[in-house]
2 protein chains.
Amino acid sequence: MKSARKYSRKREAILKTLRSTKSHPSAEWIYAKLKPLFPDLSLGTVYRNLSLFRNEGLVTSVATVKGQERFDAQVHPHPHFICDLCGKVMDIDALPDSIPALGVDDFAGGDVEYCEILFHGKCKDCKQ
Amino acid sequence: MKSARKYSRKREAILKTLRSTKSHPSAEWIYAKLKPLFPDLSLGTVYRNLSLFRNEGLVTSVATVKGQERFDAQVHPHPHFICDLCGKVMDIDALPDSIPALGVDDFAGGDVEYCEILFHGKCKDCKQ
DNA sequence: TTCGTTGCAAACATTTTGCAGTTTC
DNA sequence: GAAACTGCAAAATGTTTGCAACGAA
């Protein structure tokens with residue numbers, strides 16, 4: 001019994017916004033970005049659609065930074081750098097993504113589905 | 001102006017509890033574990049002390065799983081396995097921890113302080 | 001006696017949800 | 001017209017904080 005998906009202008013805009021940024025934004029950020037274009041947009045709709053995208057695999061959650069979940073439309077696993085001071089999240093492309101396959105595809109009898117690699121530190125700006 | 005630390009039986013118990021488990025517990029879990037021993041323990045105290053330990057480097061946060069922060073008294077960075085179904089967090093000891101040093105010690109002009117490696121999947125029990 | 005620590009409850013912040021009205025098909 | 005989608009506000013959840021009482025030095 002899957003429910004039929006219907007088109008929605010706002011849903012499309014939410015996905016498009018997420019796809020057009022490299023900032024790995026929070027729901028709030030997407031909301032703020034779209035609010036001027038859709039004055040009647042509500043934060044609940046952003047959450048609802050993000051969670052919908054996640055279930056469909058269109059979006060992943062990179063990490064929870066300072067209490068906020070951060071999303072990425074780039075679902076192919078790849079490492080990130082997180083600045084623990086300002087909360088910035090950046091892609092690291094340089095690293096071979098063979099690391100996830102690093103010999104671990106099952107662990108203690110469980111299945112490994114993907115591997116998250118998060119480098120933590122201070123970004124350039126926060127170093128002063 | 002650092003404040004003089006005073007001994008506290010509850011604080012000691014919180015750290016001891018965290019050190020004596022491999023479950024990478026949440027604040028709530030520690031609270032539940034200690035409540036029978038300290039009937040007047042309050043959840044706020046657990047949070048206050050955990051945050052204190054974190055600032056002192058006695059404790060790290062492994063990840064946020066299902067909205068709850070998960071702590072570890074083993075502060076030496078090491079990879080973890082997270083079951084996305086039941087939320088179990090397990091140590092992976094088998095992996096060489098030279099991986100964190102994997103050529104990334106600065107990134108885009110920022111300093112990398114440590115690297116978090118999280119394998120996600122379904123644990124043995126959740127596979128059915 | 002001083003000042004760090006705690007319980008308690010209120011405050012907070014983020015995310016989820018129920019419902020009535022709206023939009024898509 | 002039926003069913004999905006949304007705004008709104010309330011609720012739920014996890015965490016933090018203010019304050020008066022308590023406990024360690």
Side-chain angles (χ1 to χ4, degrees), chain A residues 1-18 24-56 58-72 84 87 89, chain B residues 1-18 23-56 58-72 82 84 87 89:
Chain A
M1 275 297 108
K2 66 168 150 188
S3 53
R5 180 63 24 93
K6 277 182 185 172
Y7 173 81
S8 139
R9 221 153 71 82
K10 287 168 185 168
R11 175 182 305 142
E12 185 181 43
I14 291 166
L15 187 53
K16 196 175 147 200
T17 300
L18 187 52
H24 311 83
S26 62
E28 188 91 36
W29 187 96
I30 295 175
Y31 171 74
K33 193 91 177 181
L34 286 176
K35 188 67 173 172
L37 283 86
F38 300 85
D40 66 338
L41 180 65
S42 103
L43 192 49
T45 295
V46 177
Y47 277 110
R48 264 189 283 234
N49 281 294
L50 282 174
S51 138
L52 206 152
F53 293 149
R54 184 180 17 216
N55 291 341
E56 290 175 342
L58 291 175
V59 152
T60 46
S61 145
V62 176
T64 300
V65 180
K66 293 167 185 275
Q68 292 198 140
E69 185 150 25
R70 303 285 290 267
F71 298 90
D72 197 341
D84 293 320
V89 178
Chain B
M1 271 297 109
K2 67 168 154 191
S3 53
R5 179 66 25 94
K6 278 183 183 168
Y7 172 81
S8 138
R9 221 153 70 81
K10 286 169 185 168
R11 176 181 305 142
E12 185 181 44
I14 291 167
L15 187 54
K16 197 174 147 200
T17 301
L18 187 53
S23 70
H24 311 83
S26 62
E28 188 92 38
W29 187 95
I30 296 174
Y31 171 75
K33 194 94 179 180
L34 287 176
K35 188 65 174 173
L37 285 87
F38 301 85
D40 66 339
L41 179 66
S42 104
L43 191 49
T45 295
V46 176
Y47 277 109
R48 263 189 284 237
N49 281 295
L50 282 175
S51 137
L52 206 151
F53 294 150
R54 181 175 25 209
N55 290 340
E56 289 174 342
L58 291 175
V59 151
T60 46
S61 147
V62 177
T64 301
V65 180
K66 292 165 185 277
Q68 293 198 141
E69 186 151 22
R70 303 286 290 267
F71 298 90
D72 197 342
I82 300 177
D84 293 320
V89 178

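- Dashed line: the shortest gap from a side-chain N or O of B:Y7 to OP1 or OP2 of D:dA24 is not under 4.0 Å.
- Rounded to whole Å, the distance from CZ on A:R9 to C1' on C:dC25 is 17 Å.
- Atom-to-atom, CG of B:L43 to P of C:dT6 comes out at 13 Å; the value is rounded to the nearest Å.
- For the pair A:S42 and D:dC8, the criterion of a side-chain N or O lying under 4.0 Å from OP1 or OP2 is not met.
- Listed for the A:R70 side chain is no donor-acceptor partner under 3.5 Å among the backbone atoms of A:V62.
- Nearest-nucleotide positions on DNA chain C place B:K10 closer to the 5' end than the other of B:K10 and A:K66.
- Around the NZ atom of A:K33, the shell of radius 6.0 Å holds no more than 12 heavy atoms that belong to other residues, nucleotides or ligands.
- Remark: B:R5 is in phosphate contact with C:dT5, judged by side-chain N or O atoms under 4.0 Å from OP1 or OP2.
- Rounded to whole Å, the distance from CD on A:E12 to P on D:dC5 is 14 Å.
- Between the CG atom of B:L52 and the P atom of C:dT5 there is a distance of 7 Å, given to the nearest Å.
- The number of heavy atoms from other shown groups lying within 6.0 Å of NZ (A:K35) is above 12.
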Run the side-chain donor-acceptor check on residues 49-56 of chain A: report pairs under 3.5 Å with partners two or more places apart or on a different chain.
unit_1	atom_1	unit_2	atom_2	d
A:N49	OD1	A:R11	NE	2.8
A:N49	ND2	A:T45	O	2.9
A:R54	NH1	A:E69	OE2	2.8
A:N55	ND2	A:S51	O	3.4
A:E56	OE2	A:R5	NH1	2.2

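- A:L15 contributes atom CG, which lies 6.0 Å from atom CG of A:L58 (distance to the nearest 0.5 angstrom).
- Rounded to whole Å, the distance from CZ on A:R54 to P on C:dT16 is 7 Å.
- Between C:dT16 and A:Y47, no contact under 4.0 Å exists linking OP1 or OP2 to a side-chain N or O.
- Taking side-chain N and O atoms only, B:S8 has a distance below 4.0 Å to OP1 or OP2 of C:dT6.
- Mapping A:R48 and B:S51 onto DNA chain D by nearest heavy atom places A:R48 at the nucleotide closer to the 5' end.
- When the P atom of D:dA24 is taken as reference, atom NZ of B:K6 falls 10 Å away, rounded to whole Å.
- Closest approach to the A:E69 side chain among D:dA3, C:dT5, C:dT15 is made by C:dT15 (side chain taken as heavy atoms from C-beta onward).
- Look at CZ on A:R70: it is 11 Å from P on C:dT15, rounded to the nearest Å.
- Separating the CG atom of A:N49 from the P atom of C:dT24 is a distance of 14 Å, rounded to the nearest angstrom.
- Where A:F38 and B:G67 meet DNA chain D, the nucleotide closest to each residue was compared, and A:F38 sits on the side nearer the 5' end.
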